[in-house]
Amino acid sequence: MKTIKIIIAGPRGRMGKEAVTLAANTEHFDLVAVIDHKNDGMMLSDVEGFQSIPNVPVYSNIEKCLQEIKADVLVDLTTPEVGMYHTKTALNYNVRPVVGTTGFSKQDLEELEQICQEKELGCIIAPNFAIGAVLMMKFSQMAAKYFADVEIIELHHDQKLDAPSGTAVKTAEMISTAREVRKQGHPNEKETITGARGADFDGMRIHSVRLPGLIAHQQVLFGSDGQSLTIRHDSYNRASFMSGVKVAVETVMKNNTFVYGLENILE
């Protein structure tokens, strides 16, 4: 298999560290640079925690990085605002983005899709890279054909910035393709404390939990007369996401289109 030259944005984050390890330990991956708002001009091996990763320069400016380093794929694991800028810049330099940052707006996604169409360049944005989480979303979409009443509970660590999570929003979007818009619960229901019923997405409810000790967890609860169905996925560490990152990097090299959601590239 042809070697894929990779730049990772956000290497010191929890996901970023796992992605660096993945790139360094995958035979046909070549980590050629990282983008970090600190440590500009250093080598990654000089940064604490990365002493075993040789010959990888650190850049703070993505344009300078892309001007000086030849790369095939940018893996971005930063924040929505920075991730949007990085993704657009990478596409302008004909580098294919694989983005694990959540929190992009509908307008952001539409803009990126338009750029990909104009450039005829692949880009994959995945709210969740865990294969099990993608299956959870697909199974929920299937179940929604038979269970119209559904609530989503997503649970994450207390340092997560966006709520609801990208996975929860993507799950709701997928369910909505199989479920007619309808208001759930009693028609005269009233919140005695604002927000008690969670966010409203086409009548289904999404609840966000943020607690230390959690990583990434989600359950989708379906209810009907006399029965219920719960579909749940748990990620206990960030390594659980790396199988999806690997698949996305390999797939984006073959695609010339915009893809939102890992479920669209899994067979």
Side-chain angles (χ1 to χ4, degrees), residues 80 83 99-113 124-211 214-236 240-241 244 258-266:
V99 185
T101 304
T102 62
F104 286 122
S105 68
K106 183 179 180 181
Q107 291 73 23
D108 290 336
L109 298 175
E110 290 173 350
E111 181 180 356
L112 293 174
E113 183 173 15
I124 296 175
I125 296 182
N128 198 315
F129 279 115
I131 302 297
V134 175
L135 293 174
M136 175 264 297
M137 290 187 275
K138 291 177 74 73
F139 295 157
S140 298
Q141 184 181 37
M142 294 169 59
K145 296 178 182 179
Y146 308 98
F147 291 84
D149 289 272
V150 54
E151 304 218 359
I152 299 169
I153 304 174
E154 56 94 351
L155 308 92
H156 283 80
H157 55 90
D158 61 345
Q159 299 304 301
K160 185 169 179 59
L161 298 178
D162 55 320
S165 69
T167 299
V169 174
K170 181 64 174 176
T171 304
E173 291 172 347
M174 291 175 65
I175 288 173
S176 68
T177 66
R179 170 189 177 276
E180 291 186 6
V181 177
R182 64 186 299 272
K183 180 176 174 59
Q184 298 178 178
H186 194 283
N188 297 324
E189 177 183 83
K190 179 182 179 181
E191 289 183 331
T192 56
I193 299 178
T194 301
R197 291 289 290 119
D200 187 322
F201 189 105
D202 286 349
M204 69 183 97
R205 296 290 181 165
I206 304 176
H207 309 268
S208 296
V209 176
R210 298 290 178 266
L211 287 172
L214 298 174
I215 300 295
H217 318 263
Q218 180 171 294
Q219 58 186 36
V220 186
L221 291 80
F222 295 91
S224 184
D225 288 340
Q227 63 177 322
S228 64
L229 171 66
T230 300
I231 302 173
R232 180 175 176 117
H233 175 262
D234 298 276
S235 283
Y236 299 109
S240 65
F241 303 113
F258 176 84
V259 176
Y260 175 56
L262 203 64
E263 74 280 357
N264 295 304
I265 64 173
L266 295 181

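Quick caveat, the model's predicted, so the values are computed rather than measured.
- Looking at H217, its side chain does come within 3.5 Å of a backbone N or O of I215 through a donor-acceptor pair.
- Partners of E113 according to the side chain to side chain donor-acceptor pair (under 3.5 Å) rule, which considers only residues two or more places apart in sequence or in another chain, do not exist here.
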Evaluation steps, side chain to side chain contact (heavy atoms under 4.5 Å, CB included), between V220 and V150: CA-CA 7 Å; V220 186; V150 54; 3.5 Å; yes
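- Put simply, OG1 on T230 and CG on L221 are 4.0 Å apart, with the number rounded to the nearest 0.5 Å.
- Between K170 and E263 there is a side-chain heavy-atom pair separated by less than 4.5 Å.
- The salt bridge (charged side-chain N to carboxylate O under 4.0 Å, His left out) contacts involving residues 219-232 comprise R232-D234, where partners must be two or more places apart or lie in separate chains.
- Distance check, rounded to the nearest 0.5 Å: CZ of F104 to CD of E110 gives 14.0 Å.
- The distance from the CZ atom of F147 to the CD1 atom of I175 is 12.0 Å, given to the nearest 0.5 Å.
- Residues passing the side chain to side chain donor-acceptor pair (under 3.5 Å) test with N264, sequence neighbours excluded: none.
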Listed pairs under 3.5 Å, donor-acceptor, residues 130-144 side chains, sequence neighbours left out:
residue	atom	partner	partner atom	Å
S140	OG	M136	O	2.8
Q141	NE2	M174	O	3.3
Q141	NE2	T177	OG1	2.9

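- The stretch residues 173-183 participates, sequence neighbours left out, in these salt bridge (charged side-chain N to carboxylate O under 4.0 Å, His left out) pairs: D149-R182.
- Taking T101 as the reference, D76 meet the side chain to side chain donor-acceptor pair (under 3.5 Å) condition, with sequence neighbours excluded.
- For the atom pair NZ of K160 and CG of L155, the computed distance is 12.0 Å after rounding to the nearest 0.5 Å.
- The closest donor-acceptor contact from the side chain of S165 to the backbone of A168 lies under 3.5 Å.
- The nearest pair of heavy atoms linking G100 to F129 is CA-CE1, 3.3 Å.
- Contact annotation: the side chain of I124 approaches that of V259 to within less than 4.5 Å [non-hydrogen atoms, C-beta and beyond].
- With sequence neighbours excluded, the residues satisfying side chain to side chain donor-acceptor pair (under 3.5 Å) with E189 are R197.
- Applying the side-chain contact (heavy atoms from CB on, under 4.5 Å) rule to Q159 yields the partners R14, H157; only residues at least two apart in sequence or on another chain are considered.
- Here the CD1-CD distance, from I153 to Q218, works out to 9.5 Å after rounding to the nearest 0.5 Å.
- Annotation: side chain of P127 is in contact with side chain of Y260 (closest heavy-atom distance under 4.5 Å).
- Between F222 atom CZ and I152 atom CD1 the span is 7.5 Å, to the nearest 0.5 Å.
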Per-pair distances, 0.1 Å, donor-acceptor, side chain in residues 202-210, under 3.5 Å, sequence neighbours excluded:
residue	atom	partner	partner atom	Å
R205	NH1	G198	O	3.1
H207	NE2	E151	OE1	2.7
S208	OG	E154	OE2	2.6
R210	NH1	E154	OE1	2.8
R210	NH1	E154	OE2	3.4
R210	NH2	E154	OE1	3.4
R210	NH2	E154	OE2	2.8
R210	NH2	D162	O	2.9

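- Shown here are the side-chain contact (heavy atoms from CB on, under 4.5 Å) partners of S105, two or more places apart in sequence or in another chain: Q107, D108.
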After noting the C-alpha distance and the side-chain angles of L112 and I125, does the key distance pass the side chain to side chain contact (heavy atoms under 4.5 Å, CB included) rule? CA-CA 10 Å; L112 293 174; I125 296 182; 3.5 Å; yes
